[in-house]
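In this text, all values refer to a predicted model and were calculated from it rather than measured experimentally.
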Amino acid sequence: MIIPLEKTLGPLFILGIALGAAGAAELPPLTLKQAHEMAIQNHPLISVADLKALAARQVTIETRAGYFPVISANAVAVGAAVSNTRIEALDALNSPRVFDRNSEGLMISQLITDFGRTPNLVGSARLQAEAAANNAQATRQQILLAVDGAFYSAQQAQAVLKVALQTVTARQVFLNLVSAEVTNQLKSELDASFARVNLEDAQLLLVKARNDLDASFAQLSNLLGLRDSKTYNLIEEPLPVQVSTNVYDFIQQGLSFRPDLLSLKNQEQASLKMARAQRDARLPTVAAVGAAGVSPVHDPLIPDSYAAAGVVINFPIFAGGLYVARQREAELQAQATDQSRRDLEDNVIRDVRIAWLNAQNAFDRYQISGRLLENARQSYDLSLARYKNGIASIVEFNQAELNLISAQITYASTQYEYLIQRSALSFQTGTLH
């Protein structure tokens with residue numbers, strides 16, 4: 001059975017516990033869920049990915065506009081140099097006649113069919129937008145994984161700092177007791193010297209623990225999108241149960257839910273749609289065109305109003321191999337994306353398996369460290385009693401105390417390492433939210 005850290009502490013650590021609790025009570029609380037929400041709201045990389053996803057959706061709207069009519073209004077005022085002016089030096093073959101006039105009108109153009117090219121373009125754009133959305137989700141999960149790591153690392157640093165505070169308090173009390181016994185000639189000066197060395201060693205541990213905690217909160221604050229480092233009272237998360245022994249369930253989750261893998265699948269399908277669209281570009285397009293308007297000021301040869309409508313059929317005949325090359329480019333891009341997807345699937349299988357093994361190992365180490373801590377506590381209590389009764393030397397007691405401190409730190413570390421590994425496993429399976 002694993003004994004909670006607080007229940008393994010002897011009476012010499014009570015003051016240290018009180019000091020740590022008082023300091024934590026003054027800090028604003030922060031849960032892991034709140035940290036996730038702050039990171040999603042404030043982290044610039046998540047904003048960048050979301051904005052790119054929104055921009056990709058606009059491309060879909062742009063492409064879908066081909067389904068709808070194009071309506072334009074125009075107003076023309078022309079003054080000819082002489083009556084019956086013709087512009088002959090044009091690049092085109094026509095030689096238009098120019099009249100004095102002022103005219104206003106509307107022109108409408110509506111695509112009737114391009115034999116599937118526009119639907120394929122829209123489908124490709126929609127799949128690219130889905131790929132961008134999945135990329136945004138992948139970025140979000142990467143940031144959340146980093147937040148989890150920083151959050152649990154800060155909790156681990158807080159636990160180590162708590163142990164350091166308790167150690168300094170206990171060793172100070174012990175030094176006072178030994179010093180009193182030396183004064184009463186019940187202990188030798190060597191015992192007092194050992195006690196002073198141990199106190200200074202505990203102070204070194206405390207300094208390092210405080211520095212590690214400050215560094216952890218600096219990292220966490222950065223991931224939360226804060227410019228200044230802020231310290232929180234991190235609320236403990238419930239420890240999840242041991243992971244399932246069936247690794248293939250996790251592998252299947254990774255292949256089904258990993259957003260980066262889904263993004264590659266979207267890109268592959270989008271390239272295939274684009275290839276079909278470029279193939280269809282060699283087919284005719286049929287459009288209806290209409291124009292109508294009035295001429296308030298005009299030459300006597302021009303009527304007061306005009307209206308016309310027609311159907312335009314465009315047959316692509318030759319474009320220097322442009323359409324074939326575009327189709328082949330899209331097909332090759334789809335093949336390249338397919339190979340990238342296969343490579344990523346292999347990497348997902350490997351990463352999920354490694355993350356599963358790491359989570360299993362972290363849980364086993366956590367259980368072992370709990371038993372180690374209980375044994376170290378019992379050894380410490382026995383050594384302290386033996387030393388007080390003059391049966392054991394201070395060297396034996398110091399070794400037992402060092403074992404207890406090491407076991408406390410190991411227990412705290414393995415607990416949060418297990419939480420970090422579980423978060424990594426959720427990330428690898430695409431289920432980190």
Exceeds 12 heavy-atom contacts within 6.0 angstrom, atom CG of Asn389:
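Above 12, so yes.
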Verify the neighbour count for atom CZ of Arg282: are there more than 12 heavy atoms of other residues, nucleotides or ligands below 6.0 Å?
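Buried by this count: over 12 neighbours within 6.0 Å.
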Examine distances only and state if a side-chain atom of [X] and a backbone atom of [Y] form a donor-acceptor pair shorter than 3.5 Å.
X: Ser383; Y: Tyr380; answer: no
X: Ser406; Y: Leu402; answer: no
X: Asn134; Y: Glu130; answer: yes
X: Ser103; Y: Val76; answer: no
X: Asn375; Y: Arg371; answer: yes
X: Thr60; Y: Ala125; answer: yes
X: Arg341; Y: Leu261; answer: no
X: Thr337; Y: Gln333; answer: yes
X: Asn198; Y: Phe194; answer: yes

Minimum-distance pair of heavy atoms, taken over all atoms of [X] and [Y]:
X: Thr414; Y: Tyr366; value: OG1-CA, 3.7 Å
X: Pro316; Y: Asn314; value: CD-O, 3.5 Å
X: Leu419; Y: Pro238; value: CD2-O, 4.3 Å
X: Ala35; Y: Leu30; value: N-CD1, 4.0 Å
X: Ser216; Y: Ala154; value: CB-CA, 3.6 Å
X: Ser124; Y: Ala270; value: OG-O, 3.0 Å

[X] and [Y]: side-chain donor and acceptor closer than 3.5 Å?
X: Glu417; Y: Gln421; value: no
X: Asn403; Y: Gln399; value: yes
X: Ser188; Y: Asp191; value: yes
X: Ser263; Y: Gln267; value: yes
X: Gln415; Y: Gln156; value: no

Any residue meeting salt bridge (charged side-chain N to carboxylate O under 4.0 Å, His left out) with [X], in chain and number order, not counting sequence neighbours:
X: Glu104; value: none
X: Arg328; value: Glu331
X: Glu237; value: none

Under a 4.5 Å cut-off applied to non-hydrogen side-chain atoms, are [X] and [Y] in contact?
X: Thr245; Y: Gln360; answer: yes
X: Ser153; Y: Gln219; answer: no
X: Leu190; Y: Ile394; answer: no
X: Asp114; Y: Pro119; answer: yes
X: Lys230; Y: Pro28; answer: yes

Distance check, rounded to the nearest 0.5 Å: [X] atom [atom1] versus [Y] atom [atom2]?
X: Leu165; Y: Leu205; atom1: CG; atom2: CG; value: 9.5 Å
X: Asp351; Y: Leu425; atom1: CG; atom2: CG; value: 11.0 Å
X: Leu206; Y: Leu161; atom1: CG; atom2: CG; value: 6.0 Å
X: Leu373; Y: Ile409; atom1: CG; atom2: CD1; value: 11.0 Å
X: Arg171; Y: Leu199; atom1: CZ; atom2: CG; value: 8.0 Å
X: Asn42; Y: Glu37; atom1: CG; atom2: CD; value: 11.0 Å

Salt-bridge test for [X] and [Y]: reply yes if a basic N is under 4.0 Å from a carboxylate O, no otherwise.
X: Glu374; Y: Arg377; result: yes
X: Glu189; Y: Arg196; result: yes
X: Lys208; Y: Asp212; result: yes
X: Arg342; Y: Asp346; result: no
X: Asp148; Y: Arg422; result: no

Mind checking ring-ring contact (aromatic ring centres under 6.0 Å, His included) for Tyr418 and listing every partner two or more places apart, or none if nothing turns up?
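Result, ring-ring contact (aromatic ring centres under 6.0 Å, His included) vs Tyr418: Phe363.
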Passing option when Ile40 is tested against Val147, Leu144, Asp50, Ile143 for side chain to side chain contact (heavy atoms under 4.5 Å, CB included):
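That would be Leu144.
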Verdict with supporting geometry, Lys273 and Gln269, side-chain contact (heavy atoms from CB on, under 4.5 Å):
CA-CA 6 Å; Lys273 287 280 188 180; Gln269 295 169 359; 5.7 Å; no
Gln339 vs Gln335, test: side-chain contact (heavy atoms from CB on, under 4.5 Å). Steps then yes/no.
CA-CA 6 Å; Gln339 295 302 313; Gln335 294 176 17; 5.8 Å; no
For Asn176 and Gln172, run side-chain hydrogen bond (donor to acceptor under 3.5 Å, both in side chains): C-alpha distance rounded to whole Å, both residues' side-chain angles, the deciding distance at 0.1 Å, then the answer.
CA-CA 6 Å; Asn176 294 339; Gln172 182 63 63; 3.1 Å; yes
Take Arg365 and Tyr411 through the side-chain contact (heavy atoms from CB on, under 4.5 Å) test and state the conclusion after the steps.
CA-CA 9 Å; Arg365 293 180 66 246; Tyr411 180 73; over 6 Å; no
Quiz: residues 63-75 side-chain donor-acceptor pairs under 3.5 angstrom, not counting sequence neighbours:
| unit_1 | atom_1 | unit_2 | atom_2 | d |
| --- | --- | --- | --- | --- |
| Thr63 | OG1 | Val59 | O | 2.9 |

Give the C-alpha distance, both sets of side-chain angles, the deciding distance and a yes or no for salt bridge (charged side-chain N to carboxylate O under 4.0 Å, His left out) between Glu268 and Lys265.
CA-CA 5 Å; Glu268 179 185 2; Lys265 292 179 180 178; over 6 Å; no
Plane angle bin for Phe217 and Tyr232 - parallel if under 30°, tilted between 30 and 60°, otherwise perpendicular:
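Ring orientation, 0 to 90° scale: tilted.
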Begin from the C-alpha positions of Phe174 and Phe397 and carry the test ring pair (Phe, Tyr, Trp, His ring centres under 6.0 Å) through to its verdict.
CA-CA 11 Å; Phe174 182 74; Phe397 169 72; 4.7 Å; yes
Cut-off 3.5 Å, no hydrogens considered: what does the side-chain donor-acceptor table look like for residues 249-256, sequence neighbours left out?
| unit_1 | atom_1 | unit_2 | atom_2 | d |
| --- | --- | --- | --- | --- |
| Asp249 | OD1 | Asn246 | ND2 | 3.4 |
| Asp249 | OD2 | Asn246 | ND2 | 3.3 |
| Gln252 | NE2 | Ser256 | OG | 3.2 |
| Ser256 | OG | Gln252 | O | 2.9 |

